[in-house]
Colleague: 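Take this structure first; my questions come after.
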Amino acid sequence: MLRALLATTLLAAPLLTSAAVAEEVNVYSHRQPELVQPLLDAFTAKTGIAVNVAFVDSGMVERLVAEGDRSPADLVMTVDIARLEQVVQAGVTQAVDDPALTAAIPAAFRDPANQWFGLTTRARIVYASKAAVADGDVTSYEDLADPKWKGRICTRSFTNDYNVALTAAYLKHHGEEATRDWLLGVKANLAKKPEGNDRSQVKSIWSGECDISLGNTYYMGQMLADPEQKEYADSVRIVFPVFEDAAGNPTGTHMNVSGVAMTKAAPNKDAALKLMEFLVSDEAQHIYAETNNEFPVKPGVEASELVKSWGSFTPDTLTLTDVAELRPAALKLIEEVNFDG
């Protein structure tokens, strides 16, 4: 019987060893597959750790809450400070105190309690008609409420996360009364009711419906790569507007992030941390820059040649935590002025 038991143990040993070394990471991602897969493939090639991705377009927070401690997800990858804060506020993430992450990511682009970490940044800019808008015609977000733009602005819904974040930043800079006046001024300048996405606003500029619109920088790269949309993109140029303080001094261009958080359940915590550290490495940041047309979050890693061709700018001095805290108040103001109505 002892010999039989020993034989069984020896037969099982290779299986146990194989299982012990087979590492994997499970990711819930809000980002499109084509934007994150090159990064995950590079990580697997480098480490041998498999990455399983579930692309969750909506209901990510609800899914994580429902799964609780049984969730298979190790990491959440998503865009916008609002979505990152939502997963944190739901209590489904955990702090990651890791020197490699805090050294690579500027404090403005990570959670003070290390619950989430920015991976890339994007600027909320103005797309301006090359034919109808002269250089210097629009230089600040405050300019958008100037009556000279009456009937000349297009935008997606202002209750969209990107515009709510912009409004929250305006609120932090200027206070409630000035922000309400600004929203009413921008609304009065609209060429049409808010609709569509950032790219469809550029199409509206191309077709002559309006002259300027708000958008995220990386959409320019996506449009230039699309044969149908390239013509729209070629009709505009990117302007990096700034917020202005009470004295009229510029404070910088509004920024947002894509980011990552470790779930509280994280069944593969060690492997998940390795992936997080890889995503802020020079190698991964370069892949991000070339694939997504976004700005690397890590200082010293250059943007792609295409992104650099759009010009230089100074990021706003606000932290994303400042923006996140005022998001509910900003959304309330947007709804009070019935911006989309």
Side-chain angles (χ1 to χ4, degrees), residues 122-160 162-163 165-167 169-170 174 179 181-244 248 250-256 293 295 305-316 334 337-341:
R122 65 278 299 275
R124 193 77 178 148
I125 49 84
V126 165
Y127 288 114
S129 168
K130 291 178 179 177
V133 181
D135 287 339
D137 272 2
V138 56
T139 59
S140 71
Y141 298 106
E142 290 81 1
D143 283 344
L144 300 177
D146 190 312
K148 73 179 182 181
W149 297 111
K150 188 171 181 64
R152 301 176 66 188
I153 298 178
C154 289
T155 182
R156 74 196 303 168
S157 168
F158 244 63
T159 60
N160 173 267
Y162 302 143
N163 285 334
L166 175 65
T167 305
Y170 198 100
H174 295 295
T179 302
D181 290 344
W182 178 74
L183 287 168
L184 288 169
V186 177
K187 179 182 178 181
N189 290 338
L190 295 180
K192 60 178 182 176
K193 186 176 180 178
E195 62 179 356
N197 55 29
D198 284 356
R199 283 175 286 182
S200 62
Q201 311 313 314
V202 176
K203 182 179 180 181
S204 293
I205 294 174
W206 167 80
S207 68
E209 292 181 84
C210 53
D211 294 333
I212 61 175
S213 70
L214 288 165
N216 287 347
T217 39
Y218 57 85
Y219 285 121
M220 176 62 90
Q222 293 180 11
M223 289 185 291
L224 289 171
D226 186 311
E228 180 183 350
Q229 296 180 0
K230 186 178 186 301
E231 188 175 1
Y232 314 152
D234 287 337
S235 72
V236 301
R237 67 177 178 278
I238 286 178
V239 176
F240 292 97
V242 296
F243 288 110
E244 295 178 340
T251 65
T253 298
H254 175 62
M255 305 295 290
N256 213 316
N293 299 303
F295 300 101
E305 290 302 315
L306 173 62
V307 172
K308 285 192 288 187
S309 74
W310 299 337
S312 60
F313 67 98
T314 300
D316 190 20
I334 292 167
V337 304
N338 191 25
F339 191 97
D340 292 348

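What you see below is based on every heavy atom in this structure, not just the backbone, and it leaves out hydrogens, waters and symmetry mates.
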Colleague: Parallel, tilted or perpendicular: which describes the rings of F240 and F313, with under 30° parallel and over 60° perpendicular?
Modeller: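 Taking F313 first and then F240, their aromatic rings lie parallel (interplane angle under 30°).
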Colleague: Keeping the roles fixed (side chain from D316, backbone from M255), state whether a donor-acceptor pair exists under 3.5 Å.
Modeller: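 Looks like no, no N/O pair under 3.5 Å.
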Colleague: Surrounding NZ of K187 (heavy atoms of other residues, nucleotides or ligands, distance under 6.0 Å), is the total greater than 12?
Modeller: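 Buried by this count: over 12 neighbours within 6.0 Å.
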Colleague: List in chain and number order the residues that pass side chain to side chain donor-acceptor pair (under 3.5 Å) with D146, two or more places apart in sequence or in another chain; answer none if no residue qualifies.
Modeller: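 Here no residue qualifies.
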Colleague: More than 12 heavy atoms of other residues, nucleotides or ligands under 6.0 Å from NZ of K193: is that the case?
Modeller: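 Counting neighbours around NZ of K193, 12 or fewer heavy atoms of other residues, nucleotides or ligands fall under 6.0 Å, so no.
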Colleague: Please determine which of D198, I125, V307, V236 meets the side-chain contact (heavy atoms from CB on, under 4.5 Å) test together with M220.
Modeller: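 Answer after filtering D198, I125, V307, V236: V236.
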Colleague: Using the side chain to side chain donor-acceptor pair (under 3.5 Å) rule, take R122 and N293 through it: C-alpha gap first, then chi angles, then the decisive distance, then the call.
Modeller: CA-CA 9 Å; R122 65 278 299 275; N293 299 303; over 6 Å; no
Colleague: List the atom of G215, the atom of Y127, and the distance in Å for their closest heavy-atom pair.
Modeller: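 Taking G215 first and Y127 second, the nearest heavy atoms are CA-CE1, 3.7 Å.
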Colleague: Hey, are the side chains of Y162 and L214 touching, using non-hydrogen atoms and a 4.5 Å cut-off?
Modeller: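 They are not in side-chain contact.
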Colleague: Begin from the C-alpha positions of Y218 and N216 and carry the test side chain to side chain donor-acceptor pair (under 3.5 Å) through to its verdict.
Modeller: CA-CA 6 Å; Y218 57 85; N216 287 347; 3.3 Å; yes
Colleague: Which residues satisfy the ring-ring contact (aromatic ring centres under 6.0 Å, His included) test with Y170, sequence neighbours excluded?
Modeller: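 Y170 satisfies ring-ring contact (aromatic ring centres under 6.0 Å, His included) with H174, W182 once adjacent residues are dropped.
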Colleague: Under the rule for ring-ring contact (aromatic ring centres under 6.0 Å, His included), what residues qualify as partners of W310, not counting sequence neighbours?
Modeller: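 Result, ring-ring contact (aromatic ring centres under 6.0 Å, His included) vs W310: none returned.
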Colleague: Picking from T159, N160, T155, what satisfies side-chain hydrogen bond (donor to acceptor under 3.5 Å, both in side chains) with S157?
Modeller: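 That would be T159.
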Colleague: Are R237 and D135 close enough, and set up right, to give a salt bridge (charged side-chain N to carboxylate O under 4.0 Å, His left out), and what steps lead you there?
Modeller: CA-CA 10 Å; R237 67 177 178 278; D135 287 339; 3.0 Å; yes
Colleague: Please name the pair of heavy atoms, one in D137 and one in V133, separated by the smallest distance, quoted to 0.1 Å.
Modeller: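 Minimum heavy-atom contact is CB-CG1, 3.7 Å.
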Colleague: How about K308: does its NZ atom have over 12 heavy atoms from other parts shown lying under 6.0 Å from it?
Modeller: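 Count over threshold, so yes.
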Colleague: Does K230 have more than 12 heavy atoms from other residues, nucleotides or ligands lying within 6.0 Å of its NZ?
Modeller: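 It does not: K230 NZ has 12 such atoms or fewer within range.
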Colleague: Find the distance between CD (Q222) and CZ (R199) and round it off to the nearest 0.5 Å.
Modeller: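 The CZ atom of R199 is 4.5 Å from CD of Q222, to the nearest 0.5 Å.
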Colleague: I need the I153 CD1 to E209 CD distance, nearest 0.5 Å.
Modeller: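 It is 14.5 Å, given to the nearest 0.5 Å.
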Colleague: To the nearest 0.5 Å, tell me how far S235 OG sits from I205 CD1.
Modeller: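 Nearest 0.5 Å value for the OG-CD1 distance: 6.5 Å.
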Colleague: For Y141 versus P241, what's the shortest heavy-atom pair and its separation?
Modeller: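 So the minimum-distance heavy-atom pair works out to CE2-CG, 3.4 Å.
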Colleague: Rounded to the nearest 0.5 Å, how far apart are CG of L184 and CG of N189?
Modeller: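 That separation rounds to 11.0 Å.
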Colleague: Could you tell me which non-hydrogen atom of Q201 sits nearest to which non-hydrogen atom of N197, and how far apart they are?
Modeller: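 In this case the closest contact between Q201 and N197 is NE2-O, 2.9 Å.
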Colleague: If I compare all heavy atoms of V126 with all of L144, which pair ends up nearest, and what's the gap?
Modeller: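 Residues V126 and L144, closest heavy atoms: CG2-CD2, 4.3 Å.
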Colleague: Considering non-hydrogen atoms only, spot the tightest contact between V239 and A128 and give its length.
Modeller: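 Closest approach of V239 to A128: CG2-CB, 4.0 Å.
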Colleague: So does S140 get a backbone contact from the side chain of D143, meaning a donor-acceptor N/O pair under 3.5 Å?
Modeller: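 Checking the backbone N and O of S140 against the side chain of D143, a donor-acceptor pair under 3.5 Å is found.
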Colleague: Working to the nearest 0.5 angstrom, can you tell me the gap between I212 CD1 and R152 CZ?
Modeller: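 CZ of R152 is found 7.0 Å from CD1 of I212.
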